[in-house]
Amino acid sequence: MSTSPIPVTRFAPSPTGNLHIGGARTALFNWALARKLGGHFLLRIEDTDQLRDTGRESVLGILEGLAWLGIDWDEGPAPDLGQDRDPRGVHPFYQSKRLNLYTEHLQRLLDADLAYHAFETTEELTAMRDEAKREKRAFKYEGAALNIPRDERFKRAESGEPCVVRFKAPTGDIVVKDDVLGDVTIAAGELDDFVICKADGFPTYHFAVVVDDELMGVTHVVRGQEHLANTPRHVALQQALGFRTPNYAHLPLIVNPGGGKMSKRDKDKAVRQAVRDAGLTDAPACVQDTADFAAWLKDKNRQLNQRDLLALAAALNVELPEIEVEDFRAAGYLPEVVTNYIALLGWSPGDDIEKFDLDFLAERFDTSRIGKTGARFDYKKLAAFNNDAIGAMSEEEFAQRWWDWCAAYSPELLKATGAADAPNDNFTMLAGATRPRCKTFREGVGGAAFLTTDTNDIVFDEKAVSKVLHKNDGEGIAVLRELRNELSEVQDSELRALNQWRPEHLHELIEKFSEKRELGMGKVAQPLRVALTGSTVSPPIDATLAILGKSTVLERIDRCLEAVPVGAG
RNA sequence: GGCCCCAUCGUCUAGCCUGGUCCAGGACGUCACCCUUUCACGGUGAAGACAGGGGUUCGAAUCCCCUUGGGGUCACCA
């Protein structure tokens with residue numbers, strides 16, 4: 001048993017899925033506190049639920065999420081699940097591997113008559129709860145099993161009769177000292193004799209946490225406020241076991257923009273809404289499991305399987321809300337922005353500083369500055385922060401980081417720019433044009449759609465055609481024809497020195513053209529845009545031309561002239 | 001429903017502990033104007049809050065009480 005002289009904080013996820021954004025904030029604050037105090041940040045995997053546990057993959061996902069955010073840990077599983085990090089020798093870090101430790105302390109409570117075996121079945125307990133509900137009173141287990149003589153309880157338990165172990169709730173008030181909330185007092189008699197060991201021999205969360213925090217020398221517990229109601233139980237257990245009570249700090253909840261719990265379900269809801277809006281009654285082609293879809297459609301409480309959910313979202317053009325860290329990564333947010341933003345949800349440095357990095361947080365973090373009120377997650381503000389961070393990057397940095405992101409999430413774009421192996425001139429040029437007009441990496445890809453769309457697949461926007469090309473007797477078309485001739489004469493060479501198909505030269509050409517024809521730049525650039533992209537929106541026209549390349553530009557102008565002649569629209 | 005927690009602009013918050021410097025500061029969003037070859041970026045500015053009611057005090061966003069509102073939790077899940 002190590003009573004550590006150093007401050008130790010911990011993040012203790014259960015491996016039931018990916019890293020939730022709320023969990024990420026909890027981890028971040030624990031990390032920051034450890035850094036601030038010069039202590040250790042520890043990771044523990046709470047896998048005591050044999051039914052829900054999704055195992056190794058989940059653990060890897062969580063570790064990857066933390067690593068991506070830049071949150072490192074001193075103790076716990078290695079990022080690749082290799083050799084544990086264990087400088088103080090407090091392993092193992094999986095609760096499922098600590099069963100002997102729980103058993104040992106459980107026995108102490110049993111021997112001291114501070115805990116007892118109880119033999120009610122789940123069904124019996126459910127019935128008791130239902131009855132309590134009918135009678136509109138809170139259900140509390142008040143030691144019915146204690147009517148069985150102590151010897152007999154032990155004998156029945158030893159004989160293998162299924163049973164749980166319950167903790168005898170203390171008779172006095174319990175005071176939780178919280179660094180955020182102050183003293184929270186729970187009156188004597190409010191706690192019931194809760195279960196600390198399940199019938200399968202695994203400890204419940206309450207018991208495992210208390211034992212682990214003690215044995216691992218955890219000194220500070222920072223966790224969500226949803227745990228506040230649990231804390232009295234933990235304190236009571238600590239007292240019964242003769243353990244220290246760590247410093248607690250309960251974080252205000254993060255809720256979605258609607259004010260509800262921010263959960264994976266939000267994605268399901270978004271798709272459900274879109275399906276309703278579209279009036280779908282049968283499974284569209286993109287859905288593979290049609291039976292699941294049909295059942296899902298009928299039952300509001302059901303969640304559609306992940307694969308079809310994503311397929312539907314893509315088909316219906318629904319933007320799924322980002323909930324898990326991986327969602328934010330895939331959406332093209334920067335990790336340093338995500339940590340910055342979530343740090344502001346319930347904490348602030350106190351002055352008007354809002355933009356800061358992990359070093360700043362490690363230096364300034366303080367539990368006394370954690371707020372008490374719940375915080376809504378504001379996607380717009382996050383996006384604004386991301387936009388600012390992108391804007392603050394150098395062109396080179398943006399190009400490199402955007403490329404890195406594309407390599408994982410948008411290889412099509414890299415292929416279209418011929419930059420599949422590394423950022424090339426063309427990609428860099430596109431990046432330069434993209435940086436000021438995207439809030440996220442993914443948005444940047446959207447803005448480059450004109451590039452990835454095949455010439456023959458370009459759809460000419462009707463309004464754009466009539467306004468820009470057909471208006472005034474096809475003024476735009478005439479401009480296009482002339483421009484095509486001029487552009488066709490521009491040198492396009494592999495040799496850099498000879499190559500005139502560059503933004504600077506093209507810009508000059510267009511400028512001269514518009515002067516010669518006594519037209520505003522808009523009258524020249526807009527017809528080109530429509531011809532090249534089908535719409536009136538694109539990066540600056542010189543960049544658009546340069547990025548597309550000469551042959552594609554001429555090809556597209558030709559197709560446009562053919563597709564939308566005056567009078568045909 | 002019981003218990004617990006909370007309450008400043010639409011949103012995130014500063015200020016509250018140690019009442020006066022607050023006709024309440026910042027940020028996102030919104031609106032207006034400027035810049036501009038489109039879309040953006042950028043720049044300037046504006047509107048916008050102390051939940052309500054009682055106290056305490058010379059004086060309250062700040063302290064106390066009540067009301068109202070919101071949230072969490074009531075598992076052999078964590």
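Order of the sequence lines sets the chain letters (A, B, ...), proteins ahead of strands, with each chain counted from 1. Heavy-atom basis, side chains included; hydrogens, waters and symmetry copies ignored.
A/R25 places its CZ atom 14 Å from the C1' atom of B/U13, with the value rounded to the nearest Å. The nearest whole Å value for the distance from the CZ atom in A/R233 to the P atom in B/G72 is 17 Å. When the C1' atom of B/U38 is taken as reference, atom CD1 of A/I510 falls 13 Å away, rounded to whole Å. In this entry the distance linking CD1 of A/I186 with P of B/G72 reads 18 Å, nearest Å. One can place CG of A/D192 at 15 Å from P of B/C3, the figure rounded to the nearest angstrom. In this structure, NZ of A/K380 is placed 13 Å from P of B/C28, rounded to the nearest angstrom. A straight line from CE of A/M262 to C1' of B/U11 spans 14 Å, rounded to a whole angstrom. Protein atom NZ of A/K439 is 8 Å distant from nucleotide atom C1' of B/A40, rounded to whole Å.
When the C1' atom is compared between B/C16 and B/A60, the two are found 10 Å apart, to the nearest whole Å. As rounded to the nearest Å, B/G48 and B/C28 have C1' atoms that lie 13 Å from one another. Only the P atoms considered, B/A49 is 14 Å distant from B/U8, to the nearest whole Å. When the C1' atom is compared between B/G15 and B/U37, the two are found 48 Å apart, to the nearest whole Å. Between B/U56 and B/G2, the distance separating the two P atoms is 32 Å to the nearest Å. With both ends at atom P, the span from B/U21 to B/C74 equals 45 Å, rounded to whole Å.
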Grab the N/O contacts between the protein and nucleotides 66-71 of chain B below 3.5 Å, and write none if there aren't any.
none

Nucleotide N/O to protein N/O under 3.5 Å, stretch nucleotides 75-78 of chain B:
| unit_1 | atom_1 | unit_2 | atom_2 | d |
| --- | --- | --- | --- | --- |
| B/A75 | OP2 | A/R129 | NE | 2.9 |
| B/C76 | OP1 | A/R129 | NH2 | 3.1 |
| B/C76 | OP2 | A/R129 | NH2 | 3.4 |
| B/C76 | O2 | A/A199 | N | 2.8 |
| B/C76 | N4 | A/E120 | O | 3.0 |
| B/C77 | OP2 | A/K198 | NZ | 2.8 |
| B/C77 | O2' | A/D49 | OD2 | 3.2 |
| B/C77 | O2' | A/R52 | NH2 | 3.4 |
| B/A78 | OP1 | A/T48 | OG1 | 2.7 |
| B/A78 | OP1 | A/K198 | NZ | 2.6 |
| B/A78 | OP2 | A/Y205 | N | 3.1 |
| B/A78 | O3' | A/E46 | OE1 | 3.0 |
| B/A78 | O2' | A/S14 | OG | 3.4 |
| B/A78 | N6 | A/N230 | OD1 | 3.3 |
| B/A78 | N6 | A/N230 | ND2 | 3.4 |
| B/A78 | N1 | A/N230 | ND2 | 3.3 |

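With distances taken from any side-chain atom of A/A384 to the nucleotides B/G29, B/A7, B/A27, the minimum falls on B/G29. Closest approach to the A/M521 side chain among B/U11, B/U37, B/A27 is made by B/U37 (side chain taken as heavy atoms from C-beta onward). Minimum atom distance to the side chain of A/E190 is reached by B/G2, of the listed B/U38, B/C12, B/G2.
Considering A/K355, A/K439, A/K381 as possible partners of A/D388, the one that fulfils the salt bridge (Lys or Arg N to Asp or Glu O under 4.0 Å) test is A/K355. Partner of A/F328 under the ring-ring contact (aromatic ring centres under 6.0 Å, His included) criterion, chosen from A/F377, A/F385, A/Y341: A/F377. A side chain to side chain contact (heavy atoms under 4.5 Å, CB included) with A/F11 holds for exactly one of A/V222, A/L42, A/L66, A/I45; it is A/L66. Screening A/D179, A/D213, A/D178, A/N247 for a side chain to side chain contact (heavy atoms under 4.5 Å, CB included) involving A/V221 leaves a single residue, A/D213. Between A/F365 and the choices A/F360, A/F356, A/W347, the ring-ring contact (aromatic ring centres under 6.0 Å, His included) rule is met once, by A/W347.
Aromatic rings of A/Y205 and A/H234 (six-membered ring for Trp) have centroids within the 6.0 Å cut-off, being under it.
In this structure, A/E131 does not pair ionically with A/K133, as no charged nitrogen and carboxylate oxygen lie closer than 4.0 Å. Under 4.0 Å is where a charged nitrogen must lie from a carboxylate oxygen, and between A/D47 and A/R98 no such pair does. Salt-bridge formation is not detected for the pair A/E142/A/R166: no Lys NZ or Arg NE/NH1/NH2 atom is positioned less than 4.0 Å from an Asp or Glu carboxylate oxygen. The pair A/D461-A/K467 fails the salt-bridge criterion, with no side-chain N (NZ, NE, NH1 or NH2) lying under 4.0 Å from an Asp/Glu carboxylate O. A salt bridge links A/R401 with A/E336: the distance from a Lys NZ or Arg NE/NH1/NH2 to an Asp or Glu carboxylate oxygen falls below 4.0 Å. Between A/R517 and A/E482, at least one side-chain nitrogen of the basic residue sits less than 4.0 Å from a carboxylate oxygen of the acidic one, meeting the salt-bridge criterion.
For a distance-only test at 3.5 Å, the side chain of A/R529 qualifies as a donor-acceptor partner of the base of B/U38. For a distance-only test at 3.5 Å, the side chain of A/R437 fails to qualify as a donor-acceptor partner of the base of B/C41.
Residue contacts shown for A/H20 are absent, as no nucleic acid heavy atom lies under 4.0 Å away. Heavy atoms of A/G374 sit under 4.0 angstrom from primed sugar atoms or phosphate atoms, though from no base atom. Backbone-only contact: A/G346 has heavy atoms under 4.0 Å from sugar-phosphate atoms and none from a base. Residue contacts shown for A/P540 include a base, since a base heavy atom lies under 4.0 Å away. Contacts of A/D388 with the nucleic acid, taken as non-hydrogen atoms under 4.0 Å apart, involve only primed sugar atoms and P, OP1 or OP2.
Of the nucleotides present, B/G20 is the one that pairs with B/C58 by Watson-Crick or G-U wobble criteria, both distances under 3.5 Å. In this entry B/C3 has B/G72 as its Watson-Crick or G-U wobble partner, both defining distances falling under 3.5 Å.
Contacts with RNA chain B (heavy atom under 4.0 Å) in residues 178-185 of chain A: A/L181, A/V184, A/T185, listed by number.
For B/G15, the OP1/OP2 oxygens have a side-chain nitrogen or oxygen of A/R369 closer than 4.0 Å. The phosphate of B/C6 has OP1 or OP2 within less than 4.0 Å of a side-chain N or O from A/K372.
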